[in-house]
There are 2 protein chains.
Amino acid sequence: MARAATTSDAFNAIAEPQRREILVLLRGGERPVTALARDLGMTQPQASKHLRVLREVGLVRVRGMGRQRLYGLDARGLRPVHEWVGGFERFWNESFDRLDEYVQELKQARQEEPHDDDDQ
Amino acid sequence: MARAATTSDAFNAIAEPQRREILVLLRGGERPVTALARDLGMTQPQASKHLRVLREVGLVRVRGMGRQRLYGLDARGLRPVHEWVGGFERFWNESFDRLDEYVQELKQARQEEPHDDDDQ
DNA sequence: CCATCATATGCCCATATCGGCATGCGTCAA
DNA sequence: TTGACGCATGCCGATATGGGCATATGATGG
């Protein structure tokens, strides 16, 4: 076995810097592959491949326009991601102060004992 | 060249399901490696490796407690992710009605044809 | 100092990915 | 129909990654 479940979900799709750039660009409206490739400084095949991934996870939709293929944003798939990450919101504020406090406390008095080995 | 910039950022760290689970578990407080491994049904080495990644991107902190190593959450690194994704918030609402409209339109125009076209 | 527990690492294998390149395929213009 | 254009794919090479396993390392209790 190797590399468990990876591809196929938004989390993975946006893990790629270039794909994030594509999504950002698409906020400006639909665009054909070539335009995306040019603006992001990548080759056309590359753009197509990234777009394919984005399409597979449903973050973009395509619309055939003659010989062009207009790609457009479909951000619905980002909502779950936003919510998941949002579940940590209070932690990057509150919880952190607590940790900082904790560290200070530790430095000042090393005899203190951790009381959070809750369960097992 | 192969595989451009990957590891080393929060986006990538949370692309792994198991690592997301670890983070969720850590919201409950610090925990030693073994406990995490057990609760998530993974081997100890695996847990250590994922924790290492999380540590490298700064999402968790370690604290040596005797022979144990207590891992704790440090969600600060998730904030940029939350903000980036949040930049698409208006799109998974507003912008989408437009697509829906488009789809409806499409269905009405050819409602007698199966045409399960869509992607690919 | 020694045995042991708790972790971290190294190594190997299988595979997923990304980039580059050439090519296949569909659409449109003449 | 032919040829150019726009894009999707297939294939190859390099590499990062994740899992499994054995073992090194650190700390603790005797």
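These values consider heavy atoms only, across backbone and side chains, with no hydrogens, waters or symmetry-generated copies.
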Exercise for review: Would you indicate what A/P32 reaches in the nucleic acid, counting non-hydrogen atoms under 4.0 angstrom: base, sugar-phosphate, or nothing?
Suggested key: sugar-phosphate

**Study point:** Protein-nucleotide distance (A/E56, atom CD; C/dC18, atom P), rounded to Å
**Key:** 11 Å

Review point. Whole Å only: how far is the CD atom of B/Q18 from the C1' atom of D/dG20?
Key: 13 Å

Study note, to complete from the structure: To the nearest angstrom, the CD1-P distance between B/I22 and D/dG18 comes to 11 Å

Review point. Within this structure, what is the CG-to-C1' distance between A/L70 and C/dG26, rounded to whole angstrom?
Key: 16 Å

Review point. So which one's nearest nucleotide on DNA chain C is more toward 5', B/R67 or A/Q46?
Key: B/R67

Check your understanding: Got B/I14 and B/L59 here, is their nearest side-chain heavy-atom distance under 4.5 Å?
Key -> yes

Check your understanding: Think A/R52 has a side-chain N or O under 4.0 angstrom from the OP1 or OP2 of D/dA8?
Key -> no

Point to revise | Closest-nucleotide 5' rank along DNA chain D - winner of A/K49 and B/P45 | key: A/K49

Check your understanding: Can you tell me if the side-chain N/O atoms of A/R69 get under 4.0 Å from OP1 or OP2 in C/dG26?
Key -> no

Practice item. Take the protein atom CE of A/M65 and the nucleotide atom P of C/dT27, then report the distance between them rounded to whole Å. Key: 14 Å

**Study point:** Which nucleotide in C/dA22, C/dG19, D/dG19 has an atom nearest any side-chain atom of B/H50
**Key:** D/dG19

Review point. Between B/N12 (CG) and C/dA16 (C1'), how many Å, whole number?
Key: 13 Å

Exercise for review: Calculate, to the nearest 0.5 Å, the distance between atoms CD1 and CG belonging to B/I22 and B/L40 respectively.
Suggested key: 6.0 Å

Review point. Quick one: does B/Q44 reach the base of C/dA6 with a side-chain donor-acceptor pair under 3.5 Å?
Key: no

Check your understanding: What is the distance from CE of A/M42 to C1' of D/dG6, rounded to the nearest Å?
Key -> 16 Å

Exercise for review: Please determine which of B/Q44, B/Q46, B/R52 meets the side chain to side chain donor-acceptor pair (under 3.5 Å) test together with B/S48.
Suggested key: B/Q44

Check your understanding: For B/L51 and C/dT9, what is the distance between atoms CG and C1' respectively, to the nearest whole Å?
Key -> 14 Å

**Study point:** Basic-acidic side-chain contact under 4.0 Å: A/E30, A/R61
**Key:** yes

Exercise for review: Would you indicate what A/Q68 reaches in the nucleic acid, counting non-hydrogen atoms under 4.0 angstrom: base, sugar-phosphate, or nothing?
Suggested key: sugar-phosphate

Review point. In this structure, are over 12 heavy atoms from other groups packed under 6.0 Å from B/R79 atom CZ?
Key: no

Check your understanding: Does B/Y71 make a side-chain N or O approach to OP1 or OP2 of C/dA8 shorter than 4.0 Å?
Key -> yes

